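Please read these numbers as outputs of a predicted model, since none were measured by experiment. In the text below, chain A, chain B and the rest are named by the order of the sequence lines, each starting its count at 1.
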Amino acid sequence: MMTKPNFYITTPIYYPSDNLHIGHAYTTVAADSMARFKRLTGHDVWFLTGSDEHGQKIERAAKNKNQTPKEYVDHIVDGFKRLWERLDVSYNDFIRTTDERHRKVVQQFFNTLYEQGDIYKSAYEGWYCTPCETFFTEYQLADGKCPDCQREVEKVREESYFFRQSKYAERWLKFIEENPDFIQPVSRRNEMVSFVNQGLEDLCVSRTTFDWGIQVPFDPKHVVYVWVDALTNYISALGYGTEDEELYRKFWPADIHLVGKDIVRFHTIIWPIMLMALNLPLPKKVIGHGWLLLDSGKMSKSKGNVVDPHVLVDKYGVDAVRYFLLRELPFGSDGVYSEEALVKRINTDLANDYGNLLARSSTMMEKYQQGVLQTPGVPEGPDTELIDLATKTPVLVQEYMEKCEISNALAAIWQMVGRANKYLEETAPWTLAKNGQTERLNTVLYNVAEIIRFATVMATPFMPNLPSRVWPQLGIEDKPELHTWESLTWAKLPGDTTVKRGEVLFPRIDLKSLEV
RNA sequence: CGCGGGAUAGAGCAGUUGGUAGCUCGUCGGGCUCAUAACCCGAAGGUCGAGGGUUCAAGUCCCUCUCCCGCAACCA
């Protein structure tokens, strides 16, 4: 038996200082659709997500609620998981930085780096705002004052451990030169290269001013600080350094770390350098996607304009919300969210083009053929063009997905759907029926049914609930062999399939109803 | 003068090596009647940010200017 190729994809681990918004949902749904696509096309997939639970912010937030940090994060992380379930996110594992399995690996890494001299003790100099109990760097200060409360800050020195990342700058630059595709999109890579060219400083990797974190094994008053803790999740979750390293051996290095553009730097510089220092293989690719912006600017809690994904799912359904997110953000660029844009997408693409294609054609099949398809005759006229397009589209979609261009992949599928609607006008089956041109009628309706099957198979990774609603209408719910990627060869659909007109897939939404 | 990217129809974007400016949505007109007032066809609408230059020919190359946006280190 042939072994499947492996594919390992990750999302960032989100910080549970608050509930997640639609932006986080975008990242995770995008990763999910990649994971589902790879599974559909015959890969052995490992899809990881999780939560980054340590730090002063969490410690303080818990205190405000009179909870232990652990109680506090448990609650929020439950919310993360509920959201992912709601959005049909098919993760294989959920790593929490408070997991025991994670702690061990972080401590081991810290030890190793320390023993080989890549971590050393020094002092972290910063500015401290006593009322806010927060450290700021020189760069963060606003006019020399606290950026939060505008009061005076004082210079303090804190004993800290540092990671000698500056030592690896040359090696990093060489790596990027040899692996130009490592950072996507290219614009981000250029930013990172110029950042490193400006000179890398060593990285502060421990703190003594709070306790909520992983202890530095050889110096217990220190807690491991941020990135060494957080980034390690990508391999601690695979059981690296434990008695069972099977997943690690199988899936590392990761194929894709999918991250938002705000954390590209940490994933493309700190993480690879850490791995270099540890002599471990580097991930193959880091993709920094854009943000979903609001008309009113960036989404932020302080602006009170955060969009809750639960509300959207309640209102419009999972598949529609997923489709919108995946279709609306071109690769690497920002997209704009507005409820109007969402509804427009649902109406034009899902209701008018795709849903209506199924509705109109299934009606004709019932009306003119008693619901039973017939074997198609010899292709003529526009048939060839339609069939050609259907044959090419899966290849195109696969190419786009290889480049992680999800939006383009969807556009390609919908181009085929659009062609099918046009095909119906060209062939006018209602006229064929009237004139008793049965053979031609059979061919036309068969071709459209087959197009719908193609579109639905290809759309599955993006809208996982679609197939279970479409297959019964197409009469192939009991034929799993017709639901696979491999089945996307023309005319696989049996000639005697029984079609049954069913529910409207995506009802049109009245835009005016939004203005209430 | 920190590095880099933009400025193209009402909106959002494509425009390879320079040779009659395209796509999606929206608007208007027509067609069809199988369909979720859906679908198909057609039209209007752009001095391609401003100015200068190279060229037979520039959105596409060069220079200057204006305006936007990323990155510029320890909040994830």
For RNA chain B, which ranges pair as stems of 3 or more consecutive Watson-Crick or G-U pairs, with both donor-acceptor distances under 3.5 Å? B:2-7 with B:66-71, B:10-13 with B:22-25, B:27-31 with B:39-43, B:49-53 with B:61-65
Expressed in whole Å, how much space separates the [atom1] atoms belonging to [N] and [M]?
{"N": "A38(B)", "M": "C48(B)", "atom1": "P", "value": "36 Å"}
{"N": "G53(B)", "M": "G18(B)", "atom1": "C1'", "value": "15 Å"}
{"N": "A37(B)", "M": "G31(B)", "atom1": "C1'", "value": "15 Å"}
{"N": "A14(B)", "M": "C65(B)", "atom1": "C1'", "value": "27 Å"}
{"N": "G12(B)", "M": "G52(B)", "atom1": "C1'", "value": "32 Å"}
{"N": "G10(B)", "M": "G70(B)", "atom1": "C1'", "value": "27 Å"}
{"N": "A43(B)", "M": "U33(B)", "atom1": "C1'", "value": "24 Å"}
{"N": "A21(B)", "M": "U16(B)", "atom1": "P", "value": "14 Å"}

Of Leu505(A) and Asp262(A), whose closest RNA chain B nucleotide lies nearer the 5' terminus?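 Of the two residues, Leu505(A) wins.
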What is the distance from [atom1] of [X] to [atom2] of [N], rounded to the nearest Å?
{"X": "Arg207(A)", "N": "C75(B)", "atom1": "CZ", "atom2": "C1'", "answer": "10 Å"}
{"X": "Phe195(A)", "N": "C71(B)", "atom1": "CZ", "atom2": "C1'", "answer": "9 Å"}
{"X": "Gln56(A)", "N": "A76(B)", "atom1": "CD", "atom2": "P", "answer": "10 Å"}
{"X": "Leu432(A)", "N": "C34(B)", "atom1": "CG", "atom2": "P", "answer": "13 Å"}
{"X": "Met192(A)", "N": "A72(B)", "atom1": "CE", "atom2": "P", "answer": "7 Å"}
{"X": "Phe266(A)", "N": "C75(B)", "atom1": "CZ", "atom2": "P", "answer": "8 Å"}
{"X": "Trp271(A)", "N": "A76(B)", "atom1": "CH2", "atom2": "C1'", "answer": "17 Å"}
{"X": "Tyr14(A)", "N": "A76(B)", "atom1": "OH", "atom2": "C1'", "answer": "13 Å"}

Contact class for [X] (heavy atom, under 4.0 Å): base, sugar-phosphate, or nothing?
{"X": "Tyr368(A)", "result": "sugar-phosphate"}
{"X": "Leu358(A)", "result": "nothing"}
{"X": "Val226(A)", "result": "sugar-phosphate"}
{"X": "Asp202(A)", "result": "base"}
{"X": "Arg501(A)", "result": "sugar-phosphate"}
{"X": "Gly199(A)", "result": "base"}
{"X": "Pro507(A)", "result": "base"}

Is the number of heavy atoms from other residues, nucleotides or ligands under 6.0 Å of Glu503(A) CD greater than 12? yes
Can you list everything that forms a side chain to side chain donor-acceptor pair (under 3.5 Å) with [X]? Sequence neighbours excluded, please.
{"X": "Arg157(A)", "result": "Glu125(A)"}
{"X": "Gln415(A)", "result": "none"}
{"X": "Asp353(A)", "result": "none"}
{"X": "Glu426(A)", "result": "Arg419(A)"}

What residues form a ring pair (Phe, Tyr, Trp, His ring centres under 6.0 Å) with Tyr225(A), not counting sequence neighbours? none
Can a donor-acceptor pair be found, under 3.5 Å and without considering hydrogens, that links the side chain of [X] to the backbone of [Y]?
{"X": "Tyr72(A)", "Y": "Ser17(A)", "value": "yes"}
{"X": "Arg322(A)", "Y": "Phe462(A)", "value": "yes"}
{"X": "Tyr446(A)", "Y": "Leu493(A)", "value": "yes"}
{"X": "Thr28(A)", "Y": "Ala25(A)", "value": "no"}

For [X], all residues meeting side chain to side chain contact (heavy atoms under 4.5 Å, CB included), sequence neighbours excluded:
{"X": "Pro283(A)", "answer": "Phe182(A), Trp252(A), Ala254(A), His257(A), Trp271(A), Leu275(A)"}
{"X": "Arg440(A)", "answer": "Glu380(A), Pro382(A), Asp383(A), Tyr423(A), Thr427(A), Leu432(A), Gln437(A), Thr443(A), Val444(A)"}
{"X": "Gln184(A)", "answer": "Asp181(A), Lys285(A), Ile287(A), Phe331(A)"}

Using the 3.5 Å cut-off, write out each protein N or O paired with an N or O of nucleotides 38-42 of chain B and the distance between them.
unit_1 : atom_1 : unit_2    : atom_2 : d
A38(B) : OP1    : Arg508(A) : NE     : 3.1
A38(B) : OP1    : Arg508(A) : NH2    : 2.9
A38(B) : O5'    : Arg508(A) : NH1    : 3.4
A38(B) : O2'    : Asn356(A) : ND2    : 2.6
C39(B) : OP1    : Asn352(A) : ND2    : 3.4
C39(B) : O2'    : Arg360(A) : NH1    : 3.0
C39(B) : O2'    : Glu425(A) : OE2    : 2.8
C39(B) : O2     : Glu425(A) : OE2    : 3.2
C41(B) : OP1    : Lys422(A) : NZ     : 3.1

Distance-only donor-acceptor check, side chains Ser338(A) and Glu340(A), under 3.5 Å: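 Distance-only check fails for Ser338(A) and Glu340(A).
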Among [options], which nucleotide sits nearest the side chain of [X]?
{"X": "Gln198(A)", "options": "A72(B), C34(B), C74(B)", "result": "A72(B)"}
{"X": "Ala359(A)", "options": "A35(B), C34(B), C74(B)", "result": "A35(B)"}
{"X": "Arg265(A)", "options": "C34(B), A73(B), A76(B)", "result": "A73(B)"}

Using the side-chain hydrogen bond (donor to acceptor under 3.5 Å, both in side chains) rule, take Thr98(A) and Glu53(A) through it: C-alpha gap first, then chi angles, then the decisive distance, then the call. CA-CA 6 Å; Thr98(A) 51; Glu53(A) 307 184 10; 2.8 Å; yes
Pairwise N/O distances under 3.5 Å, protein to nucleotides 5-15 of chain B:
none

Does this structure show an ion pair linking Glu177(A) with Lys174(A), if we count only N-O contacts that are shorter than 4.0 Å? no
Sub-3.5 Å pairs of nitrogen or oxygen atoms, protein against nucleotides 67-70 of chain B:
unit_1 : atom_1 : unit_2    : atom_2 : d
G70(B) : O2'    : Arg188(A) : NH1    : 2.8
G70(B) : O2'    : Glu191(A) : OE2    : 2.7

